[in-house]
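What follows is a single structure, written as structure tokens, with notes after it.
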Amino acid sequence: MKSAEIRRQFLEFFASKGHQIVDSSSLVPGDDPTLLFTNAGMNQFKDVFLGFDKRPYTRATTSQKCVRAGGKHNDLENVGYTARHHTFFEMLGNFSFGDYFKRDAIKYAWELLTEVYKLPTEKLWVTVYAEDDEAYDIWTKEVGVPAERVIRIGDNKGARYASDNFWMMGDTGPCGPCTEIFYDHGEQIWGGPPGSPDEDGDRYIEIWNNVFMQFNRDEAGVMHPLPKPSVDTGMGLERISAVLQHVHANYEIDLFQSLIKAAARETRSSDMDSPSLKVLADHIRACSFLIADGVIPGNAGRGYVLRRIIRRAIRHGYKLGARAAFFHKMVPDLVAEMGEAYPELVKEQAKVTAILKEEEDSFFRTIQNGMEILDATLAVMDSNGRKELDGEVAFKLHDTYGFPLDLTADICRERNYTVDAAGFDAAMARQREQARAAGKFKMAAALEYSGSATTFHGYDRLNVDGARVTAVYVDGAAVDVAVAGQDAVIVLDNTPFYSESGGQVGDAGVLQNGTTRVVIEDTQKIQADVFGHHGQVVEGTVRVGDLLNAKVDGESRARIMRNHSATHLMHKALREVLGAHVQQKGSQVDAEKTRFDFAHNGPMTDEEIRKVEAIVNREILANAATQARVLPIAEAQKTGAMMLFGEKYGDEVRVLDIGSSRELCGGTHVSRTGDIGLFKIVAQGGVAAGIRRVEATTGEAAFAIVQQQDALLGELSATLKAPAAEAVARVAQLQEHLKAVEKELAKLKSEMVVMQLDELVAAGMRTIKGVKIVALRLENVDAASLRDVADKARDRLGEGVVLAAGVTDGKVSLVAMVTKSLTDKLKAGEIVGAAAQVVGGKGGGRPDMAQAGGTLPEKLPDAFATVMQLLESKL
């Protein structure tokens, strides 16, 4: 039975039992910062089980795509070397939300396995939690499983409920006993039944786990019965497929066999049992599904895990002999195998292929040198009897050649070596310390301060009178006083100045009193809650303890706020237009512009840019009020506010609503979206693989750009003597006319050359061993005309060889023609190749006609001489 049929029968069986078939959720968990990837079937129902969410159904069934390759659930190191470890897998599940409980869950599982899948009952074993008499009785008395095949699993970790057969969502919350179903692969395979000393063998394999959410555990560890007990079950598609297809290892099932063959095809490997082929078959699934769900390879978070899997796959391909990009060529095979069940693979096939190829090309450029260094080092170690790779070498591979430590460790592990991880960490720490010492990123970062924190008032006002000076710094040193003419950093106990954070630049303005005036150019944090005001004392002196009136440059702040608020609206619009994979990777907001970096593969089209601009400007026209709320982090998560993956947030966060956008943000913003005025994207570009950058502006700056573009269009219309609406068509018309004129001119040039052809042939002809050879040099003749001239020259010869060279704009075009009677001795491709090599080019073609190009027209005499020497030798 094919895996696709097993999946279909599972879902249809539970649908017949009143379950709603629910599509697999994304591998990127929605609104769940506790998970790196979706790693179990119940993830999308977590809030339902916790009581935070309610669905229109009380029974559900799914085939959920899962990834375990990072964090707590990390199977990466075992993939390819064991029978059942994968990075990507499918979890078949059925769920009850306060509907049926143990009896129905157990009977459904048994009916499906024995009556639908027709597994022999004597091959099935069962485990239950030692104290779960109810489940034990259902199995033995109602289902009829012999007592000797129903095993009670007790607490084996030193505490009550600390059992493999007692499931907990966390230290507190829903929990309960579970019952697992095992398949006996037969006595020919080593291993004992669950609970026995030999249970780690491969004879008895768990295929299904039924979790009974029966209790709510409080902080004191007390179990309180849930008012509506629920069921969460899971059965790995790959495992049950192995059983039903009568194979022992998951990699032998149909889902993997076609991918293993594809891996062998692309790496030209003949050893079909190679673990590396299994790695490739597994990893193409994980990588393709992650990219299809919006994950982009990167250097942090999910992107780093994806890049790590891709590079591990490339390294295994390299091990099999691949020396150029190959991995992306397996995507069509995966789509053919799983595209029907998961349409997103079909929809995103082109994107998946492009991203994988880009990653491959990048990594292959560095992997060879790194592998050579590692191979050489391990060879020396082997001769010296050493088994631990020096941490400095591992760091050099990481720092210079782009080898992550885990990749080096993976290679070493395969060859029975270890890595000096402590030495690597020491080298990494040393480099970071040197970078800190060498860099003077922001002056404030090096200042020592032990006073009180700065209270920020800038959300609702631009002036604070009577702010007290708590510290003064000149040239990086704390001083009691700064005098006129000195640059200083001043710390205040209260301030309206925003300190650079979250991509928003620091405020500028003035600090002053009756005798003193300080022009502030920037505001930076000395500590998380201590603001340093950078500026120049232009009048009087500033002493610790002085009272100053702090005034922000209102015009500059207004421009910054317009750009910052527009950034939030643009982020949401980009996700709407380009896809949910778009995620902020960096930003800088100042008075002139907003610069926004985000995860996306490939430049935006003109149409996509226009759509983003239209969405943002509609939000601006709606003139909705902006709302900011400070909430506990857990409550903020429930609001659905966008949180940047990998960011660290405090216990309390600021939730900002601007138009339809909701994000966590501590910056300053407009009061209403209409205050932004106008939004215009002015540039886009690439920052790194999979990272794009957009620059945009707002308000008066955006209006100025529109006016400038309108003026340019007006000038163009006047020059073309056409209305603005017809300018593009008029330019296209002129271009077509120009092409026609150029074509006619080329034709006239060719005709003029042909008219003089007899003279040119006579002037350029010589005879070698009775064979006529003509060498022609023509100025300002295009390639098509050159072929025409050479063809007519050959016709005039009757029998012989023509080599024609055309020179245009410092470039050379070459055409060689040989009459058919001579092609057994002379090849046009060989002739043109010899000439092209001299003039800095290359080319080829048929034996009777060939073309080439070059960049060194001054070398043509030498090229002709070289060809004559070649013909002398051939005739």
Side-chain angles (χ1 to χ4, degrees), residues 1 3 5-7 9-14 16-17 41 61 83-84 89-94 100-130 132-154 163-167 177-212 231-250 252-253:
M1 187 185 299
S3 299
E5 178 65 12
I6 296 169
R7 184 195 300 115
Q9 286 193 2
F10 181 92
L11 296 174
E12 289 182 352
F13 172 81
F14 281 103
S16 73
K17 303 296 184 183
T61 184
R84 278 167 285 280
F89 61 97
E90 294 179 74
M91 185 63 76
L92 304 172
N94 59 287
Y100 63 83
F101 199 43
K102 293 181 184 180
R103 177 169 285 100
D104 287 337
I106 289 172
K107 290 186 175 181
Y108 288 156
W110 192 255
E111 180 182 348
L112 177 64
L113 291 175
T114 62
E115 296 182 24
V116 177
Y117 291 152
K118 301 191 183 302
L119 290 178
T121 57
E122 66 274 11
K123 287 280 192 177
L124 299 177
W125 290 60
V126 174
T127 63
V128 298
Y129 181 53
D132 191 359
D133 295 333
E134 182 184 4
Y136 183 87
D137 288 344
I138 294 170
W139 279 116
T140 56
K141 296 178 181 178
E142 298 182 33
V143 177
V145 178
E148 62 269 20
R149 294 211 310 271
V150 181
I151 303 169
R152 293 180 184 263
I153 303 295
S163 168
D164 290 338
N165 275 65
F166 197 93
W167 179 88
C178 60
T179 180
E180 297 173 331
I181 304 172
F182 288 74
Y183 181 79
D184 179 3
H185 276 281
E187 60 184 11
Q188 72 277 10
I189 297 173
W190 178 82
S196 72
D198 297 331
E199 66 178 354
D200 290 335
D202 278 348
R203 175 175 173 177
Y204 297 87
I205 299 300
E206 177 200 338
I207 58 173
W208 203 335
N209 186 17
N210 287 262
V211 174
F212 306 125
V231 172
D232 158 27
T233 87
M235 176 166 63
L237 176 62
E238 293 81 4
R239 288 196 179 194
I240 189 63
S241 294
V243 170
L244 293 175
Q245 293 174 18
H246 308 293
V247 295
H248 183 62
N250 291 1
E252 297 175 41
I253 68 174

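Fair warning: this is a prediction, and the values are worked out from it, not measured in the lab.
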side-chain contact (heavy atoms from CB on, under 4.5 Å) for I205 and V243? Distances and angles first, verdict last.
CA-CA 9 Å; I205 299 300; V243 170; over 6 Å; no

Plane angle bin for W208 and F10 - parallel if under 30°, tilted between 30 and 60°, otherwise perpendicular:
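Answer is tilted, since the angle falls between 30° and 60°.
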
Which atoms form the tightest heavy-atom contact between [X] and [Y], and what is the distance?
| X | Y | answer |
| --- | --- | --- |
| Y136 | A147 | OH-CB, 3.6 Å |
| N209 | C178 | OD1-CB, 3.4 Å |
| A130 | G154 | CB-CA, 3.6 Å |
| Y204 | P194 | CB-CD, 4.3 Å |
| P193 | S196 | O-OG, 2.6 Å |
| G93 | T61 | O-OG1, 2.9 Å |

Kindly determine whether T233 and F14 satisfy side-chain contact (heavy atoms from CB on, under 4.5 Å), including the steps that lead there.
CA-CA 12 Å; T233 87; F14 281 103; 5.7 Å; no

Would you compute the distance between atom [atom1] of [X] and atom [atom2] of [Y] and round it to the nearest 0.5 angstrom?
| X | Y | atom1 | atom2 | value |
| --- | --- | --- | --- | --- |
| E5 | Y117 | CD | OH | 8.5 Å |
| I153 | E199 | CD1 | CD | 6.5 Å |
| Q188 | R203 | CD | CZ | 8.0 Å |
| L112 | L92 | CG | CG | 9.0 Å |
| H185 | D202 | NE2 | CG | 8.0 Å |
| E180 | W125 | CD | CH2 | 15.0 Å |

For a 4.5 angstrom cut-off between non-hydrogen side-chain atoms, does [X] reach [Y]?
| X | Y | value |
| --- | --- | --- |
| R239 | N250 | yes |
| R149 | V126 | no |
| V231 | K102 | no |
| W139 | I181 | yes |
| I240 | L113 | yes |
| I207 | F182 | no |
| D132 | F212 | yes |
| F89 | L237 | no |

Is there a donor-acceptor contact under 3.5 Å linking the side chains of S241 and S3?
yes

Can T179 and N210 be said to form a side chain to side chain donor-acceptor pair (under 3.5 Å), step by step?
CA-CA 5 Å; T179 180; N210 287 262; 5.9 Å; no

Could you tell me whether a side-chain N or O of K141 sits under 3.5 Å from a main-chain N or O of I138, the two making a donor and an acceptor?
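Absent.
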
Give a yes or no on whether the backbone of D137 and the side-chain of E142 come within a donor-acceptor separation of less than 3.5 Å.
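Looks like no, no N/O pair under 3.5 Å.
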
Decide if the gap between the ring center of Y129 and the ring center of F166 is smaller than 6.0 angstrom.
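Yes - the distance between ring centres of Y129 and F166 falls below the 6.0 Å cut-off.
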
Would you please test T121 and V145 for side-chain contact (heavy atoms from CB on, under 4.5 Å) and show each step?
CA-CA 8 Å; T121 57; V145 178; over 6 Å; no

Run the numbers on Q245 and E252 for side-chain contact (heavy atoms from CB on, under 4.5 Å), then give the verdict.
CA-CA 9 Å; Q245 293 174 18; E252 297 175 41; over 6 Å; no

Note: R152-D133 ion pair, threshold 4.0 Å (strictly below):
yes

